[in-house]
Trainee: 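What follows is a structure written as structure tokens; I'll ask about it next.
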Amino acid sequence: MKKSLIITISCIAFAFTVNSCGVFKSYVADYSIGLSSVESPADAKKQFGETKVVNFNEEGVNKYRYEDDYIDIVWYVGQKQFNFVLKNKSGHTLKINWDDVSYVDVKGNVGRVMHSGVKYAERNNSQPATTLPKNASISDLLLPTDNVYYDSGKYGGWRERYLVPCVYKNQEAFNAEASSLVGKTMTILMPIMIENVQNDYTFTFSIDKLLNTAK
């Protein structure tokens with residue numbers, strides 16, 4: 001079943017350029033991102049019942065809940081990661097095999113994800129599955145492993161790229177590239193094992209519009 005949502009995401013980081021007056025100026029894109037579809041498994045062991053999506057505000061943050069007879073999941077899209085709280089409603093033990101969770105970025109590239117507790121240096125290693133008893137919940141995050149890299153410069157260290165490219169060196173680059181991302185999508189495929197049956201959930205997020213212009 002497909003549902004439509006709207007999520008607003010913006011970048012807090014800044015790209016700077018210096019003008020003739022020595023004043024720094026930022027060129028940062030601000031996008032409206034929608035959860036355009038939530039697809040439930042077609043070959044589930046039993047009917048999932050009525051599905052629904054609810055939008056609510058929590059401490060000033062817009063969050064979005066998808067719910068069926070098996071799961072209740074709340075999403076919050078950050079600048080560099082997907083945050084979620086998942087509750088097991090199935091009445092059986094639920095298992096997430098993290099090695100099977102995949103991510104498709106705005107360019108259509110498919111990659112792995114890492115979740116909370118995984119060290120950056122071990123992001124490409126196998127990740128132990130998480131088991132969730134009935135009625136239990138887990139708060140976690142998904143970070144694309146391809147977005148994690150090590151900067152060996154003077155102020156080096158582990159870095160994370162933005163989910164949606166949004167920082168530009170100058171106004172020309174902003175004008176030429178920022179709007180081209182409108183209409184692009186990001187997708188998370190999250191297989192969930194219930195009673196030894198794999199149930200594939202697909203969450204697709206789309207960039208609906210550019211909210212600002214470079215000045």
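We use all heavy atoms of the structure for the numbers below, so side chains are in, but hydrogens, waters and symmetry mates are not. Counting begins at 1 with the first residue of the sequence.
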Trainee: Check salt bridge (Lys or Arg N to Asp or Glu O under 4.0 Å) between Arg123 and all other residues, then give those that pass, not counting sequence neighbours.
Mentor: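 Salt bridge (Lys or Arg N to Asp or Glu O under 4.0 Å) list for Arg123, sorted by chain: empty.
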Trainee: Quick check: closest heavy atoms across Tyr27 and Lys169, and the distance to 0.1 Å?
Mentor: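 Closest approach of Tyr27 to Lys169: CD1-O, 4.3 Å.
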Trainee: Shortest non-hydrogen contact from Ser139 to Val85?
Mentor: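 For Ser139 and Val85, the tightest heavy-atom pair comes out as OG-CG2, 3.9 Å.
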Trainee: Measure from the ring center of Phe82 to the ring center of Phe205 and say whether it is less than 6.0 Å.
Mentor: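 Phe82 vs Phe205: aromatic centres under 6.0 Å.
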Trainee: Look at the side-chain heavy atoms of Ile, Leu, Val, Met, Phe, Trp and Tyr, link any pair under 4.5 Å apart, and say whether Val110 and Leu143 land in one connected group.
Mentor: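 No; tracing contacts between hydrophobic side chains, which count when under 4.5 Å, never links both residues.
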Trainee: Would Leu142 and Trp98 count as a side chain to side chain contact (heavy atoms under 4.5 Å, CB included) if you check the C-alpha gap in whole Å, the side-chain angles of each, and the deciding distance to 0.1 Å?
Mentor: CA-CA 10 Å; Leu142 296 179; Trp98 298 107; 3.6 Å; yes
Trainee: Taking only residues two or more places apart in sequence or in another chain, which ones pass side-chain contact (heavy atoms from CB on, under 4.5 Å) with Lys154?
Mentor: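 Counting only residues at least two positions away or on another chain, Lys154 forms no side-chain contact (heavy atoms from CB on, under 4.5 Å).
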Trainee: Name all residues meeting the side-chain hydrogen bond (donor to acceptor under 3.5 Å, both in side chains) criterion together with Asn97; count only those two or more places apart in sequence or in a different chain, and write none if there are none.
Mentor: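 Asn97 satisfies side-chain hydrogen bond (donor to acceptor under 3.5 Å, both in side chains) with no other residue.
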Trainee: Would you please name every residue forming a ring pair (Phe, Tyr, Trp, His ring centres under 6.0 Å) with Phe84, sequence neighbours left out?
Mentor: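 For Phe84, the residues satisfying ring pair (Phe, Tyr, Trp, His ring centres under 6.0 Å) (neighbours in sequence not counted) are Trp75.
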Trainee: If I take atom CE from residue Met190 and atom CD1 from residue Ile96, how far apart are they, to the nearest 0.5 angstrom?
Mentor: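 It is 5.5 Å, given to the nearest 0.5 Å.
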Trainee: Do any N or O atoms from the side chain of Asp200 and from the backbone of Leu189 form a donor-acceptor pair under 3.5 angstrom?
Mentor: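 Pair absent, no side-chain N/O of Asp200 close to backbone of Leu189.
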Trainee: Side-chain heavy atoms nearer than 4.5 Å, only ILVMFWY residues, links allowed to pass through others: does that put Leu141 and Val118 together?
Mentor: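 Yes, one cluster joins them.
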Trainee: Give, for atom OH of Tyr201 and atom CD1 of Ile71, the distance between the pair rounded to the nearest 0.5 Å.
Mentor: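 The CD1 atom of Ile71 is 4.0 Å from OH of Tyr201, to the nearest 0.5 Å.
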Trainee: Could you please spell out the steps behind the side chain to side chain contact (heavy atoms under 4.5 Å, CB included) verdict for Ile73 and Phe203?
Mentor: CA-CA 11 Å; Ile73 187 167; Phe203 302 91; 4.0 Å; yes
Trainee: Assess whether side chain to side chain contact (heavy atoms under 4.5 Å, CB included) is satisfied between Val167 and Tyr162, documenting all intermediate values.
Mentor: CA-CA 9 Å; Val167 181; Tyr162 291 100; 3.9 Å; yes
Trainee: Tell me every residue that passes side-chain hydrogen bond (donor to acceptor under 3.5 Å, both in side chains) with Ser152, counting only those two or more places apart in sequence or in another chain.
Mentor: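 For Ser152, no residue satisfies side-chain hydrogen bond (donor to acceptor under 3.5 Å, both in side chains) once neighbours in sequence are set aside.
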Trainee: Within this structure, what is the OG-CG distance for the pair Ser116 and Asn83, rounded to the nearest 0.5 Å?
Mentor: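 It comes to 10.0 Å.
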Trainee: Check Val113 against Ser102 and note the closest heavy-atom contact, atom names and distance.
Mentor: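 Reported closest heavy-atom pair: CG1-C, 4.5 Å.
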Trainee: I need the minimum non-hydrogen distance between Pro165 and Leu181, along with the two atoms involved.
Mentor: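 Answer, listing the atom of Pro165 first, then Leu181: O-CD1, 3.4 Å.
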Trainee: Is there a side-chain contact between Asn147 and Gln81 in this structure, where contact means two heavy atoms from C-beta onward sitting under 4.5 Å apart?
Mentor: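 Answer no - side chains too far apart.
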Trainee: Are the side chain of Asn199 and the backbone of Val197 linked by a donor-acceptor contact shorter than 3.5 Å?
Mentor: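 Present.
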Trainee: Between Arg112 and Asp99, is the closest basic N to carboxylate O distance under 4.0 Å?
Mentor: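 Answer for the salt bridge query: yes.
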Trainee: Taking atom types as modelled, is there a side-chain donor on Glu122 or Asn124 under 3.5 Å from an acceptor on the other?
Mentor: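 Short answer, no.
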Trainee: Between Ile207 and Thr185, is a side chain to side chain contact (heavy atoms under 4.5 Å, CB included) present by the stated rule, with each step listed?
Mentor: CA-CA 6 Å; Ile207 303 174; Thr185 62; over 6 Å; no
Trainee: Can you tell me how far apart CD1 (Ile194) and CG (Leu132) are? Round to the nearest 0.5 Å.
Mentor: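 Interatomic distance, Ile194 CD1 to Leu132 CG, rounded to 0.5 Å: 10.0 Å.
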Trainee: Does any N or O in the side chain of Ser90 come within less than 3.5 Å of the main-chain N or O of His92, such that one atom is a donor and the other an acceptor?
Mentor: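 Side chain of Ser90 to backbone of His92, a donor-acceptor pair under 3.5 Å: yes, one is there.
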Trainee: Please identify each residue that fulfils salt bridge (Lys or Arg N to Asp or Glu O under 4.0 Å) with Asp72, with sequence neighbours left out.
Mentor: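 Residues passing salt bridge (Lys or Arg N to Asp or Glu O under 4.0 Å) with Asp72: Arg65.
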Trainee: List for me each residue that meets side-chain hydrogen bond (donor to acceptor under 3.5 Å, both in side chains) alongside Asp146, sequence neighbours excluded, and say none if there are none.
Mentor: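 Once residues adjacent in sequence are excluded, Asp146 has no partner under the side-chain hydrogen bond (donor to acceptor under 3.5 Å, both in side chains) criterion.
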Trainee: Got a sec, which residues hit salt bridge (Lys or Arg N to Asp or Glu O under 4.0 Å) with Lys89, two or more places apart in sequence or on another chain?
Mentor: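 Lys89: salt bridge (Lys or Arg N to Asp or Glu O under 4.0 Å) contacts with Glu67.
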Trainee: What closest approach, in Å, do Lys134 and Gly91 show between heavy atoms, and which atom pair accounts for it?
Mentor: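 Looking at all heavy atoms of both residues, the closest pair is CD-O, 3.5 Å.
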Trainee: Indicate the atoms forming the closest heavy-atom contact of Thr145 with Met114, along with that distance.
Mentor: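 Scanning both residues, the minimum pair turns out to be CG2-N, 3.8 Å.
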Trainee: Not counting sequence neighbours, which residues clear ring pair (Phe, Tyr, Trp, His ring centres under 6.0 Å) with Tyr155? List them please.
Mentor: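 Tyr155 satisfies ring pair (Phe, Tyr, Trp, His ring centres under 6.0 Å) with no other residue.
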Trainee: Enter the distance from Gln79:CD to Cys166:SG here, rounded to the nearest 0.5 Å.
Mentor: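 Result: 7.0 Å between the selected atoms.
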Trainee: How would you list, by chain and number, every residue that makes a side-chain contact (heavy atoms from CB on, under 4.5 Å) with Ala176, sequence neighbours excluded?
Mentor: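 If we apply the side-chain contact (heavy atoms from CB on, under 4.5 Å) test to Ala176, skipping adjacent residues, there are no hits.
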Trainee: In Å, rounded to the nearest 0.5 Å, how long is the span from CE of Met186 to CG of Leu163?
Mentor: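 Going from the CE atom of Met186 to the CG atom of Leu163 covers 5.5 Å.
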Trainee: Any non-hydrogen side-chain atom of Leu210 less than 4.5 Å from a side-chain atom of Asp30?
Mentor: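 No - every pair of side-chain heavy atoms lies 4.5 Å or more apart.
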Trainee: Could you check whether Arg159 makes a cation-pi contact with Tyr150, meaning its NZ or CZ is under 6.0 Å from the centre of the six-membered ring and within 45° of the ring axis?
Mentor: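 Checked: cation-pi criterion not met.
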Trainee: With a 4.5 Å limit on heavy-atom distance, are the side chains of Trp158 and Val148 in contact?
Mentor: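 Yes. Closest side-chain heavy atoms under 4.5 Å.
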Trainee: For Gln127, what residues pass the side-chain hydrogen bond (donor to acceptor under 3.5 Å, both in side chains) criterion, not counting sequence neighbours?
Mentor: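 So Gln127 forms no side-chain hydrogen bond (donor to acceptor under 3.5 Å, both in side chains) with any residue.
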Trainee: Assess whether side chain to side chain donor-acceptor pair (under 3.5 Å) is satisfied between Tyr66 and Asp68, documenting all intermediate values.
Mentor: CA-CA 7 Å; Tyr66 167 81; Asp68 59 31; 3.1 Å; yes
Trainee: Let me check something: do Leu94 and Ile138 share a hydrophobic cluster, defined by ILVMFWY side-chain heavy atoms less than 4.5 Å apart, either directly or through other members?
Mentor: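 Same hydrophobic cluster.
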Trainee: Does Asn196 have more than 12 heavy atoms from other residues, nucleotides or ligands lying within 6.0 Å of its CG?
Mentor: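 Result for CG/Asn196: open.
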Trainee: With a 4.5 Å heavy-atom cut-off, do Val74 and Tyr64 have their side chains touching?
Mentor: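 SC-SC contact between Val74 and Tyr64 ruled out.
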Trainee: Contact between Tyr149 and Arg161 at the side-chain level, heavy atoms closer than 4.5 Å - yes or no?
Mentor: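 Tyr149 reaches Arg161 side chain to side chain.
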Trainee: Of all residues at least two apart in sequence or in a different chain, which pass the salt bridge (Lys or Arg N to Asp or Glu O under 4.0 Å) check with Asp140?
Mentor: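 Residues passing salt bridge (Lys or Arg N to Asp or Glu O under 4.0 Å) with Asp140: none at all.
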